[in-house]
> 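Can you keep this structure in mind? I'll have questions shortly.
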Amino acid sequence: LLAFSIVLFGIGGFDGTVATTMQLNMTRHNNMWIPAHIHGALAGGTTLAFLAFSYGFLPHLGFEIKGKGVAKFQAWLTGIGCMILLAGMHWGAHYGVPRRMQDIRFVGADAPVPNWFASMNLLGIGGTMAAIGVLIFVIIALTTLLSGSRRQPEMVAEARDLRPASEQAGGLVGATARVVVHEPPA
């Protein structure tokens with residue numbers, strides 16, 4: 001999940017940078033490029049990072065993740081779904097599919113532009129895959145949380161000596177070394 005998050009956030013961030021140039025902003029602002037930027041950086045990148053954080057942090061609270069095989073499938077399904085969604089949005093942006101419209105028709109036209117359907121169908125497939133993946137995540141997380149804690153929470157750190165590291169035995173270097181190798185402070 002974290003790898004998908006980094007890639008999607010990078011693509012979404014790059015889209016935003018490119019869209020700030022005057023020439024591209026004039027041609028891309030009112031089409032699917034802007035939703036592609038938002039969905040890449042926020043919906044894809046940030047959301048997947050929080051899902052990955054949840055999978056990594058729940059064991060530290062004493063919970064054992066239920067359905068680890070399903071969780072791996074969920075990660076791939078959600079990540080690939082977000083990538084397909086982003087590809088559909090970019091493809092639609094290059095064809096000029098408008099945003100903020102209830103349908104994809106030109107004003108005054110009787111029918112939508114035919115070459116817009118493929119990109120919007122791809123967007124729908126990717127969005128459905130991502131939504132199913134997030135739903136599976138919610139089910140896994142709720143099942144994990146409602147099943148109760150099976151073991152003691154892992155202690156990430158203990159605060160025995162609250163003095164600044166420079167005042168502790170061994171000085172700043174000694175305190176840093178103790179944290180890195182997970183030795184208890186003296």
Side-chain angles (χ1 to χ4, degrees), residues 1-60 65 67-145:
L1 274 173
L2 198 53
F4 280 119
S5 169
I6 291 168
V7 169
L8 287 167
F9 193 81
I11 293 170
F14 178 73
D15 285 353
T17 304
V18 169
T20 60
T21 62
M22 181 61 79
Q23 295 84 1
L24 279 177
N25 190 19
M26 290 169 43
T27 61
R28 301 284 186 215
H29 185 72
N30 281 323
N31 65 21
M32 292 302 289
W33 186 280
I34 302 303
H37 158 65
I38 300 297
H39 283 77
L42 296 179
T46 307
T47 302
L48 293 183
F50 280 113
L51 298 183
F53 173 77
S54 299
Y55 279 141
F57 193 64
L58 282 174
H60 289 290
I65 303 293
K68 290 182 181 177
V70 178
K72 288 180 183 177
F73 170 74
Q74 177 271 325
W76 282 98
L77 180 69
T78 308
I80 291 171
C82 285
M83 294 287 238
I84 292 172
L85 175 125
L86 202 59
M89 285 185 169
H90 277 106
W91 186 14
H94 289 297
Y95 278 132
V97 176
R99 68 181 183 125
R100 297 190 224 162
M101 301 290 182
Q102 67 271 19
D103 63 6
I104 54 172
R105 300 170 194 247
F106 279 124
V107 176
D110 292 333
V113 178
N115 63 357
W116 289 354
F117 287 119
S119 64
M120 294 297 98
N121 287 340
L122 188 64
L123 180 147
I125 291 168
T128 302
M129 288 172 61
I132 290 170
V134 170
L135 180 64
I136 292 171
F137 169 79
V138 168
I139 291 169
I140 291 170
L142 286 176
T143 304
T144 298
L145 291 171

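Positions are given from 1 along the sequence.
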> Distance check, rounded to the nearest 0.5 Å: Thr128 atom OG1 versus Leu135 atom CG?
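It comes to 12.0 Å.
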
> Roughly how far apart are Thr78 OG1 and Ile132 CD1, rounded to 0.5 Å?
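So the OG1 of Thr78 and the CD1 of Ile132 are separated by 9.5 Å.
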
> On a heavy-atom basis, which atom in Leu86 and which in His39 lie closest, and how many Å separate them?
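It is CD1-C, 4.4 Å.
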
> Kindly give the heavy-atom pair with the smallest separation between Phe137 and Ser54, and that separation in Å.
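Reported closest heavy-atom pair: CZ-CB, 3.7 Å.
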
> Could you report the tightest heavy-atom contact between Met32 and Met120, atom names first, then the distance?
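Between these two residues, the closest heavy atoms are CG-CE, 4.1 Å.
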
> Measure across Ser5 and Ala49 and return the closest heavy-atom pair with its distance rounded to 0.1 Å.
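Shortest heavy-atom separation between Ser5 and Ala49 comes out as OG-CB, 3.3 Å.
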
> Distance from Trp91 atom CH2 to Ile84 atom CD1, nearest 0.5 Å?
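Reported to 0.5 Å precision, the distance equals 12.0 Å.
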
> Name the one of Thr144, Val138, Thr143 that satisfies side-chain contact (heavy atoms from CB on, under 4.5 Å) with Ile140?
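Testing Ile140 for a side-chain contact (heavy atoms from CB on, under 4.5 Å) against Thr144, Val138, Thr143 leaves exactly one candidate, Thr144.
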
> At what distance, to the nearest 0.5 angstrom, does CD1 of Ile139 lie from CD of Gln74?
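Output value for this atom pair is 10.5 Å.
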
> First locate atom CG of Leu85, then atom CG of Leu8, and finally report the distance between them rounded to the nearest 0.5 Å.
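With rounding to 0.5 Å, CG (Leu85) is 9.0 Å from CG (Leu8).
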
> What's the spacing between Leu77 CG and Phe73 CZ if we round to 0.5 Å?
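The CG atom of Leu77 sits 4.5 Å away from the CZ atom of Phe73.
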
> Is the side chain of Thr46 donor-acceptor paired with the backbone N or O of Ala41 at a distance under 3.5 Å, no angle test?
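At least one qualifying donor-acceptor pair exists.
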
